[in-house]
Engineer: 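After the C-alpha cells below, expect a handful of questions from me.
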Amino acid sequence: MNWIYEPWPWYVSGFMIALVMFLLIMVGKNFGMSGNLRTICSICGGGKKVDFFRFNWKAQRWNLTVVLGAIIGGFIANQFLSVDPSIDLHTETVQNLQTLGFENAGATYMPEKLFSTTVFSDAKLLLLLVIGGFLVGFGARYAGGCTSGHAISGLSNLQLPSLIAVIGFFIGGLIMIHLIFPFLF
Amino acid sequence: MRTLIYLLIGIVFGITMFKSEAASWYRIYEMFRFDSFHMYGIIGTALFFGAITILIIKRFDITSFYGEKINFPPKQKSFARYAIGGILFGLGWALAGACPGPMFTLLGAGFSPIIVVIIASLLGTFVYGLLKDKLPH
C-alpha cells in the first residue's frame, strides 16, 4: 500500500477519473464541475437580478455534494496520503520558472509566490488570482463546461462542440503562458 | 443514502485530483509548455476508458444502478460560444492553475489563497449570466 503515498502515475490517475465519470453516469448523473458555480450564484440570490440564475437549484444539490466530497478528498489526500508534497517537474520547466521569478519550482505542491498567505499582502499577485478565477468562471459558463464537462465527459461522448471547446482551452492556455506570462512575472 | 454515494464519489474525485498532481499549478504550467507527458497521459487515459464506457453503455442499452435509462444529451451546436468561451477559460486556467474541480480540492488541502480564485470564478459566472443575451452563442 506504499504506492498510495507516492504521487499517482498518470495511468492510475486517468483510470480513476474515468471511474468517477462512470459512477456518476451509473447513478443517473453526469460529470461536470463548473455547473456548481452557477448553482452557488443561484443560492446566493443571483436569480433576483438575472434570469440565468433563476432555476431550481435544489435539483443540483447532488453535484454540490460531489463538490463537498472533492473538498474533503483534498483534505484527506494532503493530510493522510502524502509524505512528500514536491512535484517532479521537468528540469526545463523548473529553469523556465526560475527566470520568471518562481524559486525552487516543484519543491512544494503549489508555488509559494501565488499560493502561500504572503500573496494577501501583494496587490498585484492577488489581482492575478482574481483575473484568473474570473476568466475560469466566465469562460466555463460561456463554453458550457470546463475540463470535466468538455475535455472528459464531452470528448468521451465524441461531441464536436467539446472538441472545439478543448482546442479553445489550449489556445487560451498557450497564449497565457507563452505570450502574456513574460509581462506578468 | 444517495447523498452519501455522491459524497463518496466526490471524495474519490478529490483524492484523485490531489494525488494525480492535476490540482498543482505547476503541472498545468508544465502541460502548456509541452515539457511533460504527465497531464496528457492522465487526460488520454481518462478519455480511453471514458469513451469505451460510454460506447458500451450505449451499445448494450445499459441502465443505471437504479434501473433508469441513461441519456447522453448532445451538446448544443455552435462554434462561437465554444471557441470564445474556451479560449477565455484557457487563459484563466493557465493563470490560476486550477479549474472548477481542483480549486475545491485545493481548498480542502488548505491553500487559503485559492478562496480568492473561487470567489472570482463565482463573480465571472455571475457576469456571464448578466451579459449572456448580449454575447454571440
Side-chain angles (χ1 to χ4, degrees), chain A residues 7-8 10-11 13-14 16-18 20 22-23 26 28 33-34 37 41 50 52 62 65-67 69-75 77-78 87 90 92-93 110 115 119 129-130 132-143 146-147 152 156-157 159 161 164-165 168-169 171-173 176-177, chain B residues 3 6-7 9-11 13-16 18-21 24-26 30 32 35-36 38 41-42 45-46 49-51 53-54 64-65 68 72 75 82-83 85-92 94-96 99-101 104-105 107-109 111 113 116-117 120-121 124-126 128-130 132:
Chain A
W8 292 359
W10 53 266
Y11 45 89
S13 310
M16 292 300 288
I17 292 170
V20 165
F22 169 73
L23 290 173
M26 290 307 285
M33 300 304 287
S34 65
L37 299 174
C41 281
V50 185
F52 184 63
W62 68 271
T65 313
V66 175
V67 166
I71 296 174
I72 297 170
F75 175 78
N78 188 34
I87 308 279
H90 193 279
E92 276 184 33
T93 304
M110 298 288 275
F115 290 95
V119 77
L129 289 183
V130 171
F134 185 92
L135 288 169
V136 165
F138 187 93
R141 212 64 275 122
Y142 195 172
C146 60
T147 332
I152 307 295
S156 287
N157 193 25
Q159 294 288 304
I164 302 170
F169 296 169
I171 294 173
M176 176 56 72
I177 274 169
Chain B
T3 301
Y6 302 139
L7 189 69
I9 295 173
I11 290 174
F13 175 62
I15 291 175
T16 302
F18 192 87
K19 293 302 297 180
S20 67
E21 299 178 341
S24 167
W25 185 96
Y26 288 126
E30 189 186 43
F32 285 127
D35 276 347
S36 167
H38 187 76
I42 293 176
T45 311
F49 287 109
T53 301
I54 291 180
S64 76
F65 290 141
E68 298 149 352
F72 295 99
K75 306 264 186 204
Y82 299 115
I87 290 172
L88 293 175
F89 176 85
L91 288 165
L95 181 56
C99 42
F104 291 100
T105 298
L107 180 66
F111 297 97
V116 177
V117 177
S121 71
T125 305
F126 182 76
Y128 167 75
L130 212 57
K132 185 173 176 284

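Numbered from 1 within each chain, the chains take letters A, B, ... in sequence-line order.
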Engineer: Is there a side-chain contact between B/Thr16 and A/Trp8 in this structure, where contact means two heavy atoms from C-beta onward sitting under 4.5 Å apart?
Structural biologist: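 They are in contact (side-chain heavy atoms under 4.5 Å apart), so the answer is yes.
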Engineer: Chain A: which of B/Leu91, B/Thr105, B/Val117 shares the most heavy-atom pairs with it under 4.5 Å?
Structural biologist: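 Highest number of heavy-atom pairs under 4.5 Å: B/Leu91.
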Engineer: To the closest 0.5 Å, what do you measure between SG (A/Cys146) and CE (A/Met33)?
Structural biologist: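 If we round to the nearest 0.5 Å, A/Cys146:SG and A/Met33:CE are 7.5 Å apart.
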Engineer: If you count heavy-atom pairs within less than 4.5 Å of chain A, which of B/Lys19, B/Glu30, B/Lys75 leads?
Structural biologist: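 Among B/Lys19, B/Glu30, B/Lys75, the one with the most close pairs to chain A is B/Lys19.
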Engineer: Between A/Ile17, A/Thr65, A/Leu23, which has the largest tally of heavy atom pairs under 4.5 Å with chain B?
Structural biologist: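 Among A/Ile17, A/Thr65, A/Leu23, the one with the most close pairs to chain B is A/Thr65.
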Engineer: Need one label for A/Val119: side chain, backbone, both or neither, based on atoms under 4.5 Å from any heavy atom in chain B.
Structural biologist: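 Just its side chain gets close to chain B.
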Engineer: Relative to chain B, which segment of A/Val50 carries a heavy atom at a distance below 4.5 Å: side chain, backbone, both, or neither?
Structural biologist: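 A/Val50 touches chain B through side-chain heavy atoms alone.
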Engineer: If you count heavy-atom pairs under 4.5 Å between each of B/Ala94, B/Pro100, B/Gly101 and chain A, which one has the most?
Structural biologist: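 Of the candidates given, the most pairs with chain A belong to B/Pro100.
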Engineer: For A/Glu92, is it the side chain, the backbone, both, or neither that has a heavy atom closer than 4.5 Å to a heavy atom of chain B?
Structural biologist: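 For A/Glu92, heavy atoms of backbone and side chain both lie under 4.5 Å from chain B.
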Engineer: I need the residue from B/Ala96, B/Gly41, B/Ser36 with the largest number of non-hydrogen atom pairs under 4.5 Å to chain A.
Structural biologist: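 When all of B/Ala96, B/Gly41, B/Ser36 are compared, B/Gly41 has the most.
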Engineer: Please report the closest heavy-atom contact between A/Gly73 and B/Ile15, naming both atoms and the distance.
Structural biologist: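 For A/Gly73 and B/Ile15, the tightest heavy-atom pair comes out as O-CG1, 3.4 Å.
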Engineer: Measure the acute angle between the ring planes of B/Tyr128 and A/Phe52, then classify it against the limits of 30° and 60° as parallel, tilted or perpendicular.
Structural biologist: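 If you compare the ring of B/Tyr128 with that of A/Phe52, the planes turn out perpendicular.
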Engineer: Against chain A, label B/Thr53 side chain, backbone, both or neither, depending on which of its atoms sit under 4.5 Å from a heavy atom there.
Structural biologist: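 Interface part for B/Thr53: side chain.
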Engineer: Measure the acute angle between the ring planes of A/Phe138 and A/Phe134, then classify it against the limits of 30° and 60° as parallel, tilted or perpendicular.
Structural biologist: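 Geometry flag for A/Phe134 against A/Phe138: parallel rings.
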Engineer: Do you know the tightest heavy-atom contact between A/Leu37 and B/Ser121?
Structural biologist: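 The answer is CD2-OG, 3.6 Å.
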Engineer: Any heavy-atom pair between the side chains of A/Val66 and A/Val20 that's under 4.5 Å?
Structural biologist: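 Sidechains of A/Val66 and A/Val20: no contact.
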Engineer: Report the option among B/Phe111, B/Trp25, B/Phe126, B/Phe72 that has the most heavy-atom pairs separated by less than 4.5 Å from atoms of chain A.
Structural biologist: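 Heavy-atom pair counts peak at B/Trp25.
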Engineer: Less than 4.5 Å to any heavy atom of chain A: does that hold for the side chain of B/Leu95, its backbone, both, or neither?
Structural biologist: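 Both backbone and side chain.
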Engineer: Determine the option with the most heavy-atom pairs under 4.5 angstrom with chain B, choosing from A/Phe169, A/Phe75, A/Trp62.
Structural biologist: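 Counting heavy-atom pairs under 4.5 Å, the top option is A/Phe169.
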Engineer: Would you say the ring centers of B/Phe49 and A/Phe22 fall short of 6.0 Å from each other?
Structural biologist: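 No, they do not, as the ring centres are separated by 6.0 Å or more.
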